[in-house]
K.L.:
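So that we are looking at the same thing, I have put the structure below in structure tokens.
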Amino acid sequence: MQHKTETKTILQKENNFSEWYNEILKRAEILDIRYPVKGVYVWYPYGYKLRNLIYGILRSLLDKEHEEVLFPMLIPEKELMMEKEHVKGFEDEVFWVTKGGSTELDIPLALRPTSETAIYPVFKVWIRSHRDLPLRIYQIVNTFRYETKHTRPLIRLREITSFKEAHTAHASRADAEAQIKKAVALYKNFFDQLAIPYVITRRPDWDKFPGAEYSTAFDALMPDGRAMQIATIHLLGESFARTFDIVYEDKDGAVKFVNQTCYGISERCVAAVISVHGDDHGLVLPPEVAPIQVVIVPIVFSSEGKSAEVEKACFVVCEELKKAGIRAFLDNSDERPGAKYYRWEMKGVPLRIEIGPRDLRNNRCEFVRRNDFKRMQVPLCDVVPEVERTLKEINDCIYERAKESFFANIHKSEGAMEGLRRKGIVSLFLCESERCGKEVEERLGVNVLGEAVYEDEDEEREKGEGGCVICSKEGKRVYVARAY
RNA sequence: GGGGUUGUAGGGUAGCUUGGUCUAUCCUUCGGCGUUCGGGACGCCGAGACCUGAGUUCAAAUCUCAGCAACCCCA
């Protein structure tokens with residue numbers, strides 16, 4: 001029997017997601033997981049480009065109403081410890097800097113697990129008047145958490161490298177709540193652009209962000225049927241304002257606490273793009289975020305003596321595409337075409353253009369779509385508009401496919417909870433008590449995601465009413481799922 | 001949180017039980033040269049590793065302990 005090497009083996013996403021995921025990160029050159037510290041990884045150039053394109057979308061959405069800032073990574077112990085509830089939620093997973101050289105520091109410094117306690121003391125200084133409000137800032141930074149559970153690249157990290165956190169301060173609670181709605185809309189827009197389906201839920205009271213009044217979260221569905229939180233949005237109200245004494249003088253001269261929100265997205269959004277769209281051949285990237293949108297593969301034969309012509313045609317096509325603002329790449333390497341196909345399929349390039357002598361004789365080239373391997377012939381003079389059209393089509397196709405498998409895995413349960421399937425997301429009736437929530441989690445081996453948040457009233461009515469599956473008291477329809 | 005498995009070249013393995021002239025092998029790994037090129041080419045030449053530390057011993061890839069790291073299962 002012939003020994004098969006790793007890189008040639010076809011990976012199976014559905015049967016063994018975990019293995020698929022790790023292999024894809026390596027083979028598609030997203031992350032190098034060989035760094036010798038638990039839970040921290042190295043971004044390859046290709047992966048980093050993907051990351052930056054994804055965060056570019058996020059930035060452009062945020063920049064409309066937020067300003068980007070950069071706060072320090074070190075937080076003094078006293079500031080970190082100020083908000084009691086907040087501390088409780090994080091204290092077990094804080095990394096501490098306790099020495100400078102061989103000298104013990106008088107004041108231990110925390111590596112930020114999140115930046116509330118770094119930012120809000122400065123908010124106190126920045127905010128004086130109602131004219132300073134609303135204040136809306138964000139930063140994209142690394143944060144550190146001493147995770148004790150099993151770490152996983154992009155998903156559960158000790159160093160989150162790409163934590164986008166927004167922090168806002170408002171004059172009134174109503175303004176803060178309006179900001180929550182805007183943030184939800186912004187995140188919807190973001191994940192829609194990434195073609196990632198999600199559910200939005202209000203997290204149960206006993207599982208909200210430490211220090212928040214309530215938390216709203218986006219969850220995507222991974223191929224193994226587990227939910228993954230990909231975004232969170234918190235109404236902080238006045239709690240941090242009271243702790244850090246963030247006040248402003250209102251029009252009438254009264255001194256009032258600000259109302260705050262914060263909301264974040266980490267590189268889990270990259271994990272979602274990879275996991276939701278990828279297939280057994282590798283990545284399938286939405287054209288919008290693909291580092292290379294079109295790869296051109298020349299088909300050359302030294303014997304035919306036509307390689308010069310072919311190479312020239314490829315070069316011309318590539319230049320035209322670049323001029324049109326398309327990220328095109330001409331693969332001139334001296335590998336055989338087949339090897340190139342596999343490589344670029346693994347890397348998720350949405351569209352491949354092949355040009356060989358046979359095509360040149362007919363003044364055309366061939367398109368092959370990454371998502372479904374559909375092949376088509378295109379006249380050379382139409383390449384640019386056809387590429388633009390096809391990329392759009394590819395985006396629509398992968399979004400449709402993602403939605404299809406997403407909704408196929410969301411189930412409604414009307415009755416008791418016994419016999420519920422453990423794959424996918426299930427909605428059932430549950431009261432608000434922590435005891436019942438925990439019992440459901442334990443008995444079903446799931447996490448309670450929370451009550452569905454809908455925008456329009458029709459969907460709201462759809463939820464219906466029912467008794468809690470545990471205690472039979474009045475319950476609300478909540479989503480549960482095994483979660484990352 | 002609990003349990004288990006594992007660490008040998010870029011990747012995959014053998015060697016460990018029973019310590020000894022201990023290194024070896026495969027690859028689509030890397031480098032060079034040539035022939036090739038419409039779905040993972042081939043030939044020749046060459047390169048590259050025993051996780052870290054301590055212990056046992058005349059002698060450790062092999063045995064013991066610790067650390068670090070990876071993977072799997074249960075909660």
Side-chain angles (χ1 to χ4, degrees), chain A residues 1-11 15-29 31-42 44 92-93 146-159 224 226 279-282 295-311 313-314 330-347 349 351-362 364-370 372-378 422 438-448 482-484:
Chain A
M1 202 180 117
Q2 206 184 355
H3 179 72
K4 284 202 170 178
T5 60
E6 242 194 303
T7 48
K8 193 171 179 181
T9 321
I10 296 281
L11 291 165
N15 296 343
N16 193 344
F17 171 67
S18 208
E19 188 190 358
W20 178 91
Y21 182 74
N22 285 331
E23 278 295 317
I24 292 294
L25 290 177
K26 178 165 63 179
R27 294 195 202 175
E29 296 184 306
L31 280 190
D32 196 329
I33 62 173
R34 293 174 296 185
Y35 197 79
V37 178
K38 182 181 168 69
V40 312
Y41 309 94
V42 178
Y44 279 111
D92 288 339
E93 42 188 64
Y146 184 75
E147 294 285 353
T148 50
K149 284 186 197 163
H150 196 228
T151 52
R152 221 180 259 277
L154 302 179
I155 294 175
R156 176 164 278 116
L157 301 159
R158 285 193 169 176
E159 179 188 8
D224 58 359
R226 290 162 77 180
D279 65 19
D280 293 356
H281 288 254
V295 66
I296 299 156
V297 177
I299 313 295
V300 294
F301 297 88
S302 57
S303 50
E304 272 198 60
K306 295 222 172 180
S307 18
E309 263 178 67
V310 169
E311 273 168 38
C314 289
L330 170 55
D331 187 352
N332 260 330
S333 65
D334 56 8
E335 276 176 305
R336 296 160 71 96
K340 296 180 184 178
Y341 300 163
Y342 281 99
R343 151 152 334 110
W344 297 114
E345 281 163 12
M346 177 55 66
K347 291 202 163 184
V349 175
L351 184 62
R352 177 173 83 235
I353 298 181
E354 302 171 14
I355 302 178
R358 206 164 61 207
D359 300 304
L360 283 191
R361 278 196 290 277
N362 299 302
R364 58 161 209 230
C365 60
E366 293 190 29
F367 281 19
V368 182
R369 310 188 337 174
R370 170 63 183 89
D372 53 12
F373 301 104
K374 224 169 93 183
R375 194 174 269 277
M376 59 191 271
Q377 297 176 340
V378 175
R422 282 180 59 165
K438 292 282 187 202
E439 188 166 343
V440 165
E441 291 194 337
E442 205 153 300
R443 281 167 63 182
L444 287 179
V446 298
N447 290 76
V448 174
R482 290 188 68 195
Y484 271 93

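Quick caveat: nothing in here was measured; it's all calculated off a predicted structure. So you know, we letter chains A, B, ... as the sequences are listed, proteins then strands, and number each from 1.
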K.L.:
Using whole Å, report how far NE2 of A:H150 lies from P of B:G3.
P.N.:
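Spelled out: NE2 on A:H150 to P on B:G3 is 16 Å.
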
K.L.:
When you check the phosphate oxygens OP1 and OP2 of B:G1, does a side-chain N or O of A:T148 lie under 4.0 Å from one of them?
P.N.:
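For B:G1, OP1 or OP2 has a side-chain N or O of A:T148 closer than 4.0 Å.
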
K.L.:
In this structure, how many angstroms lie between the C1' atom of B:G39 and the CD1 atom of A:I353, rounded?
P.N.:
18 Å

K.L.:
May I ask you to verify whether the side chain of A:E345 and the base of B:G39 hold a donor-acceptor pair under 3.5 Å?
P.N.:
yes

K.L.:
If you check the A:K38 side chain, which of B:C72, B:G39, B:A70 turns out closest?
P.N.:
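When the side chain of A:K38 is considered, B:A70 is the closest of B:C72, B:G39, B:A70.
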
K.L.:
Yes or no on side-chain contact (heavy atoms from CB on, under 4.5 Å) for A:R352 and A:R375, after CA distance, side-chain angles and deciding distance?
P.N.:
CA-CA 9 Å; A:R352 177 173 83 235; A:R375 194 174 269 277; 3.9 Å; yes

K.L.:
Between B:G7 and B:G15, how many Å separate the two P atoms, rounded to a whole number?
P.N.:
11 Å

K.L.:
Rounded to whole angstrom, note down the P distance from B:A61 over to B:A70.
P.N.:
26 Å

K.L.:
P atom, B:C42 versus B:G48: distance in rounded Å?
P.N.:
25 Å

K.L.:
Expressed as a whole number of Å, how far does the C1' atom of B:C44 sit from that of B:U62?
P.N.:
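Each nucleotide's C1' atom is 37 Å from the other's.
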
K.L.:
Should A:R336 be listed as having a side-chain N or O under 4.0 Å from OP1 or OP2 of B:G38?
P.N.:
yes

K.L.:
Of A:P36 and A:G338, whose nearest nucleotide on RNA chain B comes first from the 5' end?
P.N.:
A:G338

K.L.:
Is B:A49 paired to anything, Watson-Crick or G-U wobble with both distances less than 3.5 Å, and if yes, which nucleotide?
P.N.:
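Paired with B:A49, as far as the under-3.5 Å criterion goes, is no nucleotide at all.
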
K.L.:
Taking the C1' atom of each, how far is B:A49 from B:A14, in whole Å?
P.N.:
14 Å

K.L.:
Using a cut-off of strictly less than 4.0 Å, decide whether A:S18 has a side-chain nitrogen or oxygen near OP1 or OP2 of B:C71.
P.N.:
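No, no such contact exists.
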
K.L.:
By the 4.0 Å heavy-atom rule, please label A:R152 as base, sugar-phosphate, or nothing.
P.N.:
nothing

K.L.:
Do A:K340 and A:P298 have side-chain heavy atoms sitting under 4.5 Å apart?
P.N.:
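Yes. Closest side-chain heavy atoms under 4.5 Å.
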
K.L.:
Could you give the CH2-to-P distance, from A:W344 to B:U28, as a whole number of Å?
P.N.:
21 Å

K.L.:
Please determine if A:D32 and A:R34 form a salt bridge, counting it only when a charged side-chain N lies under 4.0 Å from a carboxylate O.
P.N.:
yes

K.L.:
Is it the case that atom CG in A:D334 sees more than 12 heavy atoms from other parts of the structure closer than 6.0 Å?
P.N.:
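No.
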
K.L.:
How would you label the contact of A:D334 with the nucleic acid (heavy atoms, under 4.0 Å): base, sugar-phosphate, or nothing?
P.N.:
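Contact class for A:D334: none.
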
K.L.:
Taking NZ from A:K340 and C1' from B:G38, how many angstroms apart are they, rounded to a whole number?
P.N.:
12 Å

K.L.:
How far does the C1' atom of B:A59 sit from the matching atom of B:G19, given to the nearest Å?
P.N.:
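Between the two C1' atoms, the distance is 8 Å.
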
K.L.:
Return the nucleotide paired to B:G38: Watson-Crick means purine N1 to pyrimidine N3 with N6-O4 or O6-N4, wobble means G-U with N1-O2 and O6-N3, both under 3.5 Å.
P.N.:
none

K.L.:
In the strands shown, is B:G1 matched to any nucleotide by a Watson-Crick or G-U wobble pair with both distances under 3.5 Å, and which?
P.N.:
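Its partner is B:C74.
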
K.L.:
Taking the minimum atom-to-atom distance to the side chain of A:P357, which one of B:G38, B:C71, B:G39 wins?
P.N.:
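Of B:G38, B:C71, B:G39, B:G38 is nearest to the side chain of A:P357.
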
K.L.:
Go ahead and name the base partner of B:A24; Watson-Crick or wobble counts if both distances stay under 3.5 Å, otherwise write none.
P.N.:
B:U13

K.L.:
Rounded to the Å, how far apart are A:M376 CE and B:G38 P?
P.N.:
23 Å

K.L.:
Counting only heavy atoms from other residues, nucleotides and ligands, does the tally under 6.0 Å from CZ of A:F373 exceed 12?
P.N.:
yes

K.L.:
Rounded to the Å, how far apart are A:E442 CD and B:G1 P?
P.N.:
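Distance check: A:E442 CD to B:G1 P gives 16 Å.
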
K.L.:
Write down the distance separating the C1' atoms in B:A60 and B:C65, rounded off to the nearest Å.
P.N.:
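Nearest-Å result for B:A60 against B:C65 at atom C1': 15 Å.
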
K.L.:
From CZ of A:R34 over to P of B:G7, roughly how many Å is that when rounded to an integer?
P.N.:
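After rounding, the gap between these two atoms is 19 Å.
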
K.L.:
Return the nucleotide paired to B:C33: Watson-Crick means purine N1 to pyrimidine N3 with N6-O4 or O6-N4, wobble means G-U with N1-O2 and O6-N3, both under 3.5 Å.
P.N.:
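Base-paired to B:G43.
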
K.L.:
Determine whether any donor atom in the side chain of A:R27 lies under 3.5 Å from an acceptor atom in the base of B:G11, or the reverse, and answer yes or no.
P.N.:
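Absent.
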
K.L.:
Do other residues, nucleotides or ligands put more than 12 heavy atoms under 6.0 Å from the OH atom of A:Y146?
P.N.:
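Atom OH in A:Y146 is not crowded, with 12 or fewer foreign heavy atoms closer than 6.0 Å.
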
K.L.:
Send over the distance from A:Y342 OH to B:G39 P, rounded to a whole Å.
P.N.:
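Rounded to whole Å, this separation is 10 Å.
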
K.L.:
What distance, rounded to whole Å, do you find between the two P atoms, one in B:C26 and one in B:G43?
P.N.:
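Their P atoms lie roughly 13 Å apart.
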
K.L.:
Go through the structure and list residues passing side-chain hydrogen bond (donor to acceptor under 3.5 Å, both in side chains) with A:D359, not counting sequence neighbours.
P.N.:
A:R364

K.L.:
Name the residue closer to the 5' end of RNA chain B, choosing between A:P153 and A:K149 according to the nucleotide with the nearest heavy atom.
P.N.:
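Whichever sits nearer the 5' end wins; that is A:K149.
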
K.L.:
Across all strands shown, which nucleotide pairs with B:A54 by Watson-Crick or G-U wobble geometry, both distances under 3.5 Å?
P.N.:
B:U64

